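For reference, the structure discussed in these notes is given below.
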Amino acid sequence: MAVPIVHHPACARHEPGPGHPERPERIAAVLAALRAPELGVALTWHEALSATRAQVERVHPGPYLDTLERLARAGGGALDADTVMSAASWEAALAAAGVALAAVEQGLGGGAAFGATRPPGHHALAAHAMGFCLLNNVVVAARHAQQLGASRVVIVDWDVHHGNGTQALVEHDATIRYVSMHQDPWYPGTGAADERGVGNVFNVPRPPGLPRAQYVRDLLAAVDAALAGWRPAVLLISAGFDSLAGDPLGGFTLEPADLATWTTALRERVAPAPVVSVLEGGYRLDLLARGVQAHVRALA
C-alpha cells in the first residue's frame, strides 16, 4: 500500500527564533527523509490546502484565533517562554492544521496517511498556546474525521511529553479516546495515570531510562485497554519522535524499530479502520529522520 504524505510549504515559514528547538530544519529533515529513493513507490505526495477558520473553530474559539492572527500581523512575539510567533506563524499554523485535515481525508480514503505538520499541536489548549504549539492539529483532525462520518476516534500519543492540550480538549467527550505514553516527571507536568476523563483517557506516565521493551509493552497494553469493547472508525497518532533515545528534550530509550513495532501493532489492532499520523515533536534531526522513515515504512 502506498502511503500518502501530506505537506504544505508554509509549515517551514514559522520562525521561533535562533536556537529554538522547534526550528524550520525539522520539517526539512522529515521531508528529505521521506524523499529517500528507497521509499520511492511506497509513498504518494499531496500538498494540502490551509485550514479555514470554520474548520479550526471546531476546536479553538474565534477570539483566540484573532489574537494569534493579530500577533503575526504585528510581526510576531512571545506567547510564553517557549512559544514564539513570527510574522509567518499564523500562516504556518493554518497550513499545519490543513495538513492534518487532508491527512484524515487521505487516510479515510486509503487506509493510512502521514501529515508533516509544523508547528506541532498537542500542547495547544482551546484558547492558550504553549509548548511550541499554536493549534491542536490532532484534535482538529479528529473533529474533521467525525464530520466525515468516522464517529469514534482513538488518539495514540507517543511524544515524550504529555499532550495536555489534546487531553483537555477531549476528556469530556466519550466519542474520542486518548492514550498517551510520556515521560514523568517532565514538561508539562500533567498526564497522571488517575486522570481518566469520562473513562476515555488512558495515560501511561513512565520515568526515563527504562528498557525500551517496557515502553513498547506498556503503551500497547494501554491501547488494548482503550479498545476493549470499543471499536474506533479511525486511529490518529500524535507521532512525537522526541521519544527516541538521544533526543535532547527527552530521556526515553526507544529506537526507530520500536516506533515501527508500535505502528504495525496499532494497524493490526484497529483494522480495517484507517491509521492517520501527524507529526509532533522530535528535535535531533538525524533521529527525527530515521524515526519518520521507520514509522512511515510500517504504515505502508
Side-chain angles (χ1 to χ4, degrees), residues 1-9 11 26-48 96 98-118 120 137-138 141-142 144-145 148 150 153-159 179 181 212 215-216 219-220 223-224 227 231-244 254-282 285-300:
M1 181 185 74
V3 175
I5 305 299
V6 184
H7 62 103
H8 192 302
C11 290
R26 293 183 63 243
I27 200 72
V30 166
L31 297 178
L34 293 176
R35 290 190 173 106
E38 60 268 27
L39 289 174
V41 296
L43 311 179
T44 60
W45 289 82
H46 307 267
E47 185 172 318
V99 167
L101 295 168
V104 163
E105 293 168 3
Q106 290 289 335
L108 291 177
F114 178 80
T117 43
R118 179 185 178 269
N137 301 314
V138 78
H144 191 52
L148 296 174
V153 179
V154 61
I155 300 170
V156 177
D157 186 338
W158 67 52
D159 190 282
V179 182
M181 171 172 279
R212 49 192 276 226
Y215 295 121
V216 173
L219 177 63
L220 292 179
V223 171
D224 288 339
L227 297 179
R231 296 295 301 172
V234 62
L235 184 148
L236 305 180
I237 300 173
S238 270
F241 297 91
D242 46 7
S243 54
L244 292 171
L254 292 159
E255 296 294 334
D258 299 318
L259 306 188
T261 296
W262 274 341
T263 305
T264 300
L266 294 176
R267 291 191 64 199
E268 292 170 348
R269 279 161 167 76
V270 301
V275 173
V276 177
S277 179
V278 296
L279 179 65
E280 298 285 1
L285 299 185
D286 60 331
L287 292 176
L288 176 61
R290 289 168 48 216
V292 167
Q293 284 186 331
H295 171 48
V296 171
R297 278 196 187 100
L299 279 179

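Since we're looking at a predicted model, the values are computed, not measured.
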At their closest point, which heavy atom of [X] faces which heavy atom of [Y], and how far apart are they?
X	Y	answer
Arg267	Ala298	NH1-O, 3.4 Å
Gly107	Pro274	O-CB, 3.2 Å
Pro256	Ala294	O-CB, 3.5 Å
Ala113	Leu299	O-CD1, 3.9 Å
Ala116	Cys11	O-SG, 4.1 Å
Ala48	Gly98	CB-O, 3.7 Å

With a 4.5 Å cut-off on side-chain heavy atoms, are [Y] and [X] touching?
X	Y	value
Leu266	Val223	yes
Trp158	Leu254	no
Leu236	Val104	yes
Pro4	Thr44	yes

Measuring from [X]:[atom1] to [Y]:[atom2], what's the distance to the nearest 0.5 Å?
X	Y	atom1	atom2	value
Ile5	Leu43	CD1	CG	4.5 Å
Leu285	Arg290	CG	CZ	13.0 Å
Tyr215	Leu259	OH	CG	13.0 Å
Asp258	His295	CG	NE2	14.0 Å
Asp159	Leu279	CG	CG	9.0 Å
Met181	Leu220	CE	CG	8.5 Å

- From Thr117, Leu101, Val99, residue fulfilling side chain to side chain contact (heavy atoms under 4.5 Å, CB included) relative to Val6: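 That would be Val99; it is the only one of Thr117, Leu101, Val99 passing the side chain to side chain contact (heavy atoms under 4.5 Å, CB included) with Val6.
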- Identified side chain to side chain contact (heavy atoms under 4.5 Å, CB included) counterpart of Phe114 within the set Val292, Val276, Ile237, Val275: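 For Phe114, the side chain to side chain contact (heavy atoms under 4.5 Å, CB included) check succeeds only for Val292.
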- Would you confirm whether Gln293, through its side chain, and Ala33, through its main-chain N or O, come within 3.5 Å as a donor-acceptor pair?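 Flag set: sc Gln293 to bb Ala33 pair under 3.5 Å.
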